[in-house]
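Read through the structure below, which is laid out as structure tokens, and then see the notes.
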Protein chains: 2
Amino acid sequence: MTQSGRKQPGHQGPETGIQLGRLDEFIGFRLRRIQNQLSRDFAAATADRNLRSGLFSSLAIIAANPGISQNELSGAVGLDKSITVQIVDELEKRQLAVRKRSQTDRRRHALFATDAGQTYLDELFDIMARTEDIVLHQLSRAELGLLRELLDRMYQAFDQKGIPL
Amino acid sequence: MTQSGRKQPGHQGPETGIQLGRLDEFIGFRLRRIQNQLSRDFAAATADRNLRSGLFSSLAIIAANPGISQNELSGAVGLDKSITVQIVDELEKRQLAVRKRSQTDRRRHALFATDAGQTYLDELFDIMARTEDIVLHQLSRAELGLLRELLDRMYQAFDQKGIPL
DNA sequence: GACAGATTGTTGAATTAATCTACTATATAT
DNA sequence: ATATATAGTAGATTAATTCAACAATCTGTC
């Protein structure tokens with residue numbers, strides 16, 4: 001259960017006279033503080049929905065990859081497969097997604113989003129978009145494109161070195 | 001206790017043929033995936049050190065703000081004050097920081113990093129720097145500066161709207 | 001075709017983290 | 001002096017994560 005009001009501790013907003021010291025050197029830190037605030041805002045905006053942690057991204061990945069297996073989903077979302085089981089259980093209970101036994105490999109569960117799931121997902125995407133808007137309006141369209149590109153380039157770095165799973 | 005090997009599930013590295021769908025539109029998603037991988041890598045690199053979750057950033061903030069109160073620390077790091085108590089307890093037990101009663105307001109505990117704490121912190125910063133290196137080498141110096149600037153601009157957006165605490 | 005070994009999904013136990021409430025001591029304002 | 005607010009602490013509750021064990025099924029090898 002998430003709380004509804006704006007009562008969370010919250011990352012310190014800027015302008016509080018707190019020194020960051022060497023922490024300020026790291027982009028990881030900058031990424032985290034923004035990302036934390038964004039997910040707090042998103043959580044607040046979806047507080048009524050009883051959204052457990054990996055559910056949104058799991059549903060999104062399922063919708064974008066019809067027939068994906070739970071194992072692949074785990075890898076894509078970055079969750080342990082035992083957590084994925086729980087999430088898919090809940091998605092099914094809420095009728096947002098379904099498991100179908102794969103005919104070619106009967107160990108696998110092929111996952112599909114239902115229509116209701118797709119609708120639900122679109123709502124969440126809209127909330128997410130509104131949440132990000134606050135932050136995105138600080139950037140011009142060109143800057144946003146550039147940011148995207150830089151972030152992607154950074155992410156690809158993880159490709160080079162040995163990546164788990 | 002964190003595990004030492006590279007055994008974690010891990011965010012899916014790029015290049016796995018998984019479609020992201022609309023998830024791909026959001027910078028929050030891009031921020032998170034990089035940040036997740038970075039903290040995984042950092043956790044792996046410090047697995048021997050028994051680092052509980054907010055400890056590193058708390059110590060960093062204390063070192064950069066000698067005499068800061070626990071409450072201010074909570075706000076700066078984004079943790080509930082009851083968690084901060086635990087963290088400061090551990091910092092003291094490990095002799096990385098000390099509490100001193102404020103003379104002017106005897107409710108407050110003024111926090112200070114010890115020399116050992118500062119040394120420890122520097123080690124962590126170095127590990128952090130090495131962790132980020134992998135990702136940072138994808139960017140030119142100019143791009144890195146720009147990225148920093150864009151991220152800061154984004155973070156400041158949270159200033160405008162009402163920020164919790 | 002049978003066996004060994006790997007993989008998928010599942011369960012439950014154990015650990016850890018986050019949240020919330022209530023309480024004590026001290027401070028500030030009236 | 002009294003009321004109200006704040007800093008720090010403790011404990012209970014809940015959620016999230018990790019880990020190990022297991023059954024079913026597949027794959028390759030003989």
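Below, chain A is the first sequence line, B the second, and so on; all start at residue 1. Only heavy atoms go into these numbers, but all of them, side chains included; no hydrogens, no water, no symmetry mates.
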Test side-chain hydrogen bond (donor to acceptor under 3.5 Å, both in side chains) applied to B:Asp80 and B:Ser82, step by step: CA-CA 5 Å; B:Asp80 191 86; B:Ser82 65; 2.8 Å; yes
Side chain A:Glu143, main chain A:Ser140, donor-acceptor under 3.5 Å: yes
Whole-Å gap separating [atom2] ([N]) and [atom1] ([X]):
X	N	atom1	atom2	answer
B:Asp80	C:dT21	CG	C1'	11 Å
B:Gln70	C:dT26	CD	P	15 Å
B:Arg99	C:dA25	CZ	P	17 Å
A:Asn50	D:dA16	CG	C1'	15 Å
B:Leu79	C:dT16	CG	P	18 Å
B:Leu51	C:dT16	CG	P	14 Å
B:Asn71	C:dA25	CG	P	19 Å
B:Leu55	C:dA17	CG	C1'	14 Å

Sugar-phosphate, base or nothing in reach of A:Ser82, heavy atoms under 4.0 Å: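 Answer is base: heavy atoms of A:Ser82 come under 4.0 Å of a base.
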Sugar-phosphate, base or nothing in reach of B:Arg101, heavy atoms under 4.0 Å: nothing
Between [Y] and [X], is the closest basic N to carboxylate O distance under 4.0 Å?
X	Y	answer
B:Asp41	B:Arg130	no
A:Arg148	B:Asp24	no
B:Glu72	B:Arg108	yes

B:Phe26 and A:Phe125 aromatic ring geometry - parallel, tilted or perpendicular at 30°/60° bounds: parallel
Any A:Ser53 side-chain N or O less than 4.0 Å from OP1/OP2 of D:dT17: yes
Given DNA chain C, 5'-ward residue of the pair B:Gly54 and A:Ile83, judged by closest heavy atom: A:Ile83
Residues in salt bridge (Lys or Arg N to Asp or Glu O under 4.0 Å) contact with A:Glu90, at least two apart in sequence or another chain: A:Arg94
Residues, nucleotides or ligands: over 12 heavy atoms within 6.0 Å of A:Asp115 CG: no
Over 12 foreign heavy atoms within 6.0 Å of CZ, B:Arg101: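 Atom CZ in B:Arg101 is packed in, count exceeds 12.
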5' precedence on DNA chain D between A:Ser102 and A:Arg52 (nearest-nucleotide basis): A:Arg52
Close residues, residues 86-97 of chain A, relative to DNA chain C [heavy-atom separation under 4.0 Å]: none
Within residues 103-112 of chain A, residues whose heavy atoms come under 4.0 Å of DNA chain C: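 Of all residues in residues 103-112 of chain A, the ones placing a heavy atom under 4.0 Å from DNA chain C are A:Arg107, A:Arg108, A:His109.
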Selected nucleotide, minimal atom distance to A:Lys81 side chain, candidates D:dT18, D:dG8, C:dG9: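 Per side-chain heavy atoms of A:Lys81, the pick is C:dG9.
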